[in-house]
Amino acid sequence: MAVTTPANMKHWDSQELQQLRKRAKAWFLKKGRALPWRESNDPYRIWISEIMLQQTQVVTVIPYFHRFLQAFPTVIALANAPEEQVLLHWSGLGYYRRAKQLHAAAKVIRDQHNGSFPTDFESVLALPGIGRYTAGAICSFAYDARTPIVEANTQRLFARLLRLKGQLAEKPIQDQLWFFASSILPERSGSGAVNQAVMELGSQICTPKEPSCQECPLRELCPTFANGEQATIPSPKPPKVYEEKVEAALVVQNEATELLLRRCQPGERWAGLWDFPRFDVTTVKSASQLEQSISEQFESRFGASVCLQEELLQLKHGVTRYRITLRCFRATLDVSTTQVSEASNKGVGHDTQWCSASNLKEIPLSSTGKQISEHLRKLLDANGP
DNA sequence: AATCCGGGGAT
DNA sequence: ATCCCAGGATT
């Protein structure tokens with residue numbers, strides 16, 4: 001009996017690799033999902049989908065993908081659009097840096113690639129927002145290039161097929177995964193089909209918990225299945241530790257019943273997006289302190305005084321290592337002090353605006369901003385007729 | 001290697 | 001509640 005060591009990972013000979021390719025492709029033809037970005041080999045559509053799919057699940061992406069393609073049917077249309085319009089169609093999807101880099105890359109393609117998506121791996125990799133995985137995915141899916149891919153689905157599948165022990169984030173493990181990703185690709189054509197197939201297998205069969213090994217076409221080739229180690233390979237990630245925060249958002253209306261919005265600044269969370277005025281009140285202990293803290297922070301930022309009114313709703317959301325409780329209050333401006341218009345002109349004027357409720361859907365907001373908007377719309381509907 | 005960037009679906 | 005997701009860029 002051989003000793004089990006990290007070096008005891010499975011070795012794949014060329015015949016087994018050939019079987020893997022054949023079985024994975026056959027399974028994909030039968031069981032693969034029909035997804036919008038699989039309908040063509042258009043690199044533009046594939047590119048958009050790959051950026052949207054970074055750290056974001058398929059079901060979430062699908063409606064955004066359709067709306068985005070309708071708004072920006074070509075890379076030229078995307079390159080020529082104002083950034084705010086690009087952000088608007090990304091609003092709610094998260095990781096807004098992706099949208100900005102997508103926009104920047106579209107300009108590079110327009111200005112340096114004659115408006116057509118580059119076809120060689122190095123040029124694709126050089127585009128903003130595109131790393132090793134995304135470049136490999138685009139090139140193999142769109143051009144059938146022999147480029148390997150390692151991402152959430154395939155790294156889990158490959159780790160099990162290789163019986164790799166250890167954290168997936170570790171460099172030696174990553175090296176093994178990328179080497180294997182290359183070794184499964186056929187010599188001549190068909191890399192795109194193989195990559196699609198193994199991704200889909202990782203996604204639909206080789207799931208993190210309780211993988212569907214009974215239905216897996218690679219079951220007989222899998223050392224992790226043979227040893228019943230699906231629960232420990234790959235190694236579970238250490239749990240994240242979150243920091244609790246409490247923030248307050250203000251719904252401030254002017255005489256025209258428009259709402260005060262502020263553009264998030266570079267370096268801030270959601271830079272470039274608009275949000276209801278928001279303040280950190282994590283350290284506040286009492287209700288009176290809360291009112292005072294918000295008043296002071298509003299005054300120093302907008303140069304006007306507000307009076308806190310009723311609490312409209314509470315939302316909970318996460319940003320990186322923070323778990324945020326967001327308390328949303330209605331607030332009124334204290335007209336005895338500074339005028340509203342002056343408030344909106346303090347600092348950079350175009351980073352503050354009054355927006356009618358009906359125009360909120362034209363403004364790129366974060367997800368919580370959209371949730372507050374939706375809440376207000378329901379209030380208006382309830383009081384309107 | 002660690003951190004930042006967001007949000008939502010699944011369990 | 002917790003885990004996880006078609007990652008990339010920065011430090």
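Remember, predicted model here, so these are calculated numbers, not experimental data. A, B, ... follow the sequence lines: proteins, then strands. Residue 1 opens every chain.
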Check the angle between the aromatic planes of Trp47(A) and Phe117(A) and answer parallel, tilted or perpendicular using the 30° and 60° thresholds.
tilted

Using a heavy-atom cut-off of under 4.0 Å over every strand shown, decide if [X] touches base, sugar-phosphate, or nothing.
X         : result
Arg156(A) : sugar-phosphate
Lys240(A) : nothing
Trp47(A)  : nothing
Ala152(A) : sugar-phosphate

Under the rule for ring-ring contact (aromatic ring centres under 6.0 Å, His included), what residues qualify as partners of Phe276(A), not counting sequence neighbours?
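Scan of Phe276(A) (ring-ring contact (aromatic ring centres under 6.0 Å, His included), adjacent residues dropped) gives none.
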
Quick test: give all pairs of protein nitrogen or oxygen and nucleotides 7-11 of chain B nitrogen or oxygen below 3.5 Å, distance rounded to 0.1 Å.
{"residue": "dG7(B)", "atom": "OP1", "partner": "Tyr96(A)", "partner atom": "OH", "Å": "2.8"}
{"residue": "dG7(B)", "atom": "OP1", "partner": "Ser367(A)", "partner atom": "N", "Å": "2.9"}
{"residue": "dG7(B)", "atom": "OP2", "partner": "Trp270(A)", "partner atom": "NE1", "Å": "3.4"}
{"residue": "dG7(B)", "atom": "O3'", "partner": "Gly92(A)", "partner atom": "O", "Å": "3.4"}
{"residue": "dG7(B)", "atom": "O3'", "partner": "Ser367(A)", "partner atom": "OG", "Å": "3.3"}
{"residue": "dG8(B)", "atom": "OP1", "partner": "Ser367(A)", "partner atom": "OG", "Å": "2.9"}
{"residue": "dG8(B)", "atom": "OP2", "partner": "Ser367(A)", "partner atom": "OG", "Å": "3.1"}
{"residue": "dG9(B)", "atom": "O4'", "partner": "Gln57(A)", "partner atom": "NE2", "Å": "3.3"}

Tell me which residues in residues 116-130 of chain A lie within less than 4.0 Å of DNA chain B, going by non-hydrogen atoms.
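Heavy-atom contacts with DNA chain B come from no residue of residues 116-130 of chain A; none.
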
Tyr95(A) six-ring centre to Arg97(A) NZ/CZ under 6.0 Å and within 45° of normal:
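No, Arg97(A) does not lie over the aromatic ring of Tyr95(A).
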
Relative to Trp178(A), does Arg132(A) satisfy both conditions: NZ or CZ under 6.0 angstrom from the six-membered ring centre, and within 45 degrees of the ring's axis?
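Output yes; distance and angle both within limits.
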
Nearest to the side chain of Glu50(A), which nucleotide is it out of dC5(C), dA9(C), dA6(C)?
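Nearest nucleotide to the side chain: dA6(C).
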
From C-beta outward on Tyr133(A), which listed nucleotide comes closest to its side chain: dC5(B), dG7(C), dC4(C)?
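In terms of side-chain proximity for Tyr133(A), the closest of dC5(B), dG7(C), dC4(C) is dG7(C).
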
Assign each of Gln54(A) and Pro172(A) to its nearest nucleotide of DNA chain B by heavy atoms, then name whichever residue's nucleotide is nearer the 5' end.
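In this pair, the answer is Pro172(A).
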
Less than 4.0 angstrom between a side-chain N/O of Arg321(A) and OP1 or OP2 of dC4(B), yes or no?
yes

For dG8(C), take OP1 and OP2 only and decide whether either is under 4.0 Å from a side-chain N or O of Thr134(A).
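For dG8(C), OP1/OP2 do have a side-chain N/O of Thr134(A) under 4.0 Å.
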
Can you check whether Tyr64(A) and Phe68(A) have ring centres sitting under 6.0 Å from each other?
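For Tyr64(A) and Phe68(A), the ring centres are not under 6.0 Å apart.
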
Could you check whether atom CZ of Arg188(A) has more than 12 heavy atoms from other residues, nucleotides or ligands sitting under 6.0 Å from it?
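For Arg188(A), atom CZ is not crowded (no more than 12 foreign heavy atoms under 6.0 Å).
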
Enclosure of Gln15(A) CD (heavy-atom neighbours >12, cutoff 6.0 Å):
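Atom CD in Gln15(A) is not packed in, count stays at 12 or less.
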
Nucleotide [N], atom [atom2] - distance to [atom1] of [X] in whole Å:
X         : N      : atom1 : atom2 : answer
Arg98(A)  : dC5(C) : CZ    : P     : 15 Å
Lys100(A) : dG8(C) : NZ    : P     : 18 Å
Glu243(A) : dC5(B) : CD    : C1'   : 16 Å
Lys209(A) : dC4(C) : NZ    : C1'   : 8 Å
Tyr322(A) : dC4(B) : OH    : P     : 6 Å
Gln101(A) : dC5(B) : CD    : P     : 14 Å
Leu157(A) : dC5(C) : CG    : C1'   : 16 Å
Gln167(A) : dA2(B) : CD    : C1'   : 14 Å

So, Gln297(A) versus Ser293(A): side-chain donor-acceptor pair below 3.5 Å or not?
yes

Applying salt bridge (Lys or Arg N to Asp or Glu O under 4.0 Å) between Glu200(A) and each of Arg38(A), Lys25(A), Lys31(A), report the one that passes.
Arg38(A)

Check Gly192(A) against Asp144(A) and note the closest heavy-atom contact, atom names and distance.
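The pair with the smallest heavy-atom distance is N-OD1, 2.8 Å.
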
If I pick the P atom on dT11(B) and the same atom on dA6(C), what distance separates them, to the nearest angstrom?
13 Å

For dG6(B) versus dC3(C), give the span between their C1' atoms, rounded off to a whole number of Å.
16 Å

